[in-house]
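Every chain is numbered from 1 and lettered A, B, ... according to where its sequence line falls, protein lines coming before strand lines.
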Number of protein chains: 2
Amino acid sequence: MSYSIGQVADKLSISPYTLRYYDKEGLLPFVDRNPAGRRRFKDNDFNFLEVIVCLKEAGVPVKQIGNFIDLCMTGDTTLQDRYDFLNEHEAKLEAKMARLQHTLDFLRWKKWYYKTALQAGTESIHYLPGTNHVDPAVHAEFNQLVADGADPKDLGNLPEGTAKA
Amino acid sequence: MSYSIGQVADKLSISPYTLRYYDKEGLLPFVDRNPAGRRRFKDNDFNFLEVIVCLKEAGVPVKQIGNFIDLCMTGDTTLQDRYDFLNEHEAKLEAKMARLQHTLDFLRWKKWYYKTALQAGTESIHYLPGTNHVDPAVHAEFNQLVADGADPKDLGNLPEGTAKA
DNA sequence: ATAGAATCTAGAGCTAACTCTAGGTCAAGT
DNA sequence: ACTTGACCTAGAGTTAGCTCTAGATTCTAT
């Protein structure tokens, strides 16, 4: 069974342009061509494509993905290098997810900040008296709610039936 | 207390170039200037900067962050819009983290794939007999290990004392 | 047999987010 | 007073990762 570039593009939800670009950058040395020079993807090629898509999602630059594919094409002498490569990017991805978790926490506290302001009709309930500056105690209050067992995912949600229109 | 652009850049670990760029893009309408035209950041400005950094990390484009800052400068009439904005980006970030978790899962299975190949000295242990094609049963085997309670975070780790040098 | 759709290559064009240069001003220490 | 370093603006340059155009070829369905 073989697939045209368009069929592969559909399956992976990326454009044929992008696939050709990846090929140009050396990410697809494994794809065959038919006698007319058109790309013919094999079933087994999806194993590589899966890896490419994964590394892309992990934020690995295209050039580095190319290096990895090169290692794959070289054979068993590069098994350690390939392992190390994946190991490194696993660690980077774990670090990124930890950062994103902090980001999400922050977003949720700010959501709560606006939920409470919205319910009061004004942001000024969060200000230090007589200023336009946020009272640090407000963030502490939110932290306390979380420490007391509230789910930060829910705290910032507006109750039902609070739509503006 | 006020801070120069350089001091703020140091605190946030970003370059003064980048801060000026953000200013040019309308992200820093709240910063004061001294009589000579130099930026003077106030303590309260860090509340905004914190939000900007958070939204950046969340992957929000600079222009959209500018829109949000505009809402902030407008006053209480935009509280709902600000809430909605944060709500939307919370959802997007949750979706992204879910995708990254899948990516991480995949990376870990591939690490295990290479760990086992490395221990066998050849990737061909994963191939269907007489081919260069990966046996789908190999992935199933990994999934079974996970289903049986193994931690996917550990499965791919090489045992101690397996360094190549 | 043929029309319309897909594909090919080379190379131009685009966008986001910086990053830096040039030419000048300002501030702090000696 | 003078030097050094930080700061200013405007605008050019850079990089990654596409995205598209042009012009030619090939495939597919009637």
Side-chain angles (χ1 to χ4, degrees), chain A residues 1-42 45 49 51-69 89 92 96 99-100 103, chain B residues 1-42 45 48-49 51-70 89 92 96 99-100 103:
Chain A
M1 200 51 196
S2 88
Y3 309 85
S4 72
I5 196 171
Q7 290 170 319
V8 173
D10 284 348
K11 278 206 195 202
L12 304 185
S13 302
I14 60 183
S15 77
Y17 294 142
T18 303
L19 279 171
R20 289 192 199 101
Y21 163 69
Y22 287 168
D23 197 1
K24 210 186 296 193
E25 296 297 310
L27 269 58
L28 312 178
F30 48 84
V31 281
D32 293 338
R33 301 289 185 126
N34 75 4
R38 299 192 169 189
R39 293 173 185 84
R40 304 305 327 190
F41 292 76
K42 305 172 291 302
D45 294 349
L49 292 169
V51 170
I52 289 169
V53 167
C54 164
L55 293 174
K56 277 252 68 207
E57 179 74 37
V60 181
V62 167
K63 262 176 199 160
Q64 286 184 46
I65 298 176
N67 297 151
F68 182 79
I69 297 291
H89 288 292
K92 283 188 176 167
K96 180 194 235 168
R99 282 201 313 280
L100 287 181
T103 300
Chain B
M1 200 51 197
S2 89
Y3 309 85
S4 71
I5 196 172
Q7 289 170 319
V8 173
D10 284 348
K11 279 207 195 203
L12 304 184
S13 303
I14 61 182
S15 78
Y17 294 142
T18 303
L19 279 172
R20 289 193 199 100
Y21 163 69
Y22 286 168
D23 197 2
K24 210 185 294 190
E25 295 297 311
L27 271 58
L28 312 178
F30 49 83
V31 280
D32 293 337
R33 301 287 185 129
N34 74 4
R38 299 190 172 190
R39 294 174 185 82
R40 305 303 333 191
F41 292 76
K42 304 172 293 303
D45 294 349
F48 288 104
L49 291 169
V51 170
I52 290 169
V53 167
C54 165
L55 294 174
K56 276 252 69 206
E57 179 73 36
V60 181
V62 166
K63 261 176 199 159
Q64 286 185 46
I65 298 176
N67 296 151
F68 181 78
I69 297 291
D70 284 347
H89 289 292
K92 284 188 177 170
K96 179 195 237 169
R99 280 201 315 280
L100 287 181
T103 301

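- For the pair A:I5 and B:V60, both in contact range of DNA chain C, the more 5′-proximal nearest nucleotide belongs to A:I5.
- Here CZ of B:R20 is found 15.0 Å from CD of B:E25. Values are rounded to the nearest 0.5 Å.
- The stretch residues 14-24 of chain A touches DNA chain D through A:Y17, A:T18, A:Y21, A:Y22, each having a heavy atom within less than 4.0 Å of the strand.
- The ring-ring contact (aromatic ring centres under 6.0 Å, His included) check on B:F48 picks up B:F30, with sequence neighbours excluded.
- Side chain of A:Q7 to main chain of A:S4: a donor-acceptor pair is present (N/O by atom type, distance under 3.5 Å, no hydrogens or angles).
- Considering only heavy atoms from C-beta on, A:R39 comes within 4.5 Å of A:R33 through its side chain.
- Residues satisfying the ring-ring contact (aromatic ring centres under 6.0 Å, His included) test with A:Y22, not counting sequence neighbours, are none.
- Within the 4.0 angstrom heavy-atom criterion, no nucleotide atom of any strand lies near A:R40.
- Partners of B:Y17 under the ring-ring contact (aromatic ring centres under 6.0 Å, His included) rule, at least two apart in sequence or in another chain, do not exist in this structure.
- Atom CG in B:L27 sits about 14 Å away from atom P in C:dA16, given to the nearest Å.
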**Request:** Tell me, with the steps shown, if A:K11 and A:D45 meet salt bridge (Lys or Arg N to Asp or Glu O under 4.0 Å).
**Result:** CA-CA 13 Å; A:K11 278 206 195 202; A:D45 294 349; over 6 Å; no
Polar atom pairs (N or O), protein with nucleotides 23-27 of chain C, under 3.5 Å:
{"from": "C:dT25", "atom 1": "O2", "to": "B:R38", "atom 2": "NH2", "distance (Å)": "3.1"}
{"from": "C:dC26", "atom 1": "O4'", "to": "B:R38", "atom 2": "NH2", "distance (Å)": "3.0"}
{"from": "C:dC26", "atom 1": "O2", "to": "B:R38", "atom 2": "NH2", "distance (Å)": "3.3"}

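- In this structure, SG in B:C54 is found 10.5 Å from NE2 in B:H89, a value given to the nearest 0.5 Å.
- In this structure, B:N67 CG and B:L27 CG are separated by 9.5 Å, a value rounded to the nearest 0.5 Å.
- Nucleotides of DNA chain D that come within less than 4.0 Å of any heavy atom of chain B span, from the 5' end to the 3' end, D:dA6 to D:dG11.
- Between B:F41 and B:L49 the shortest side-chain heavy-atom distance falls below 4.5 Å.
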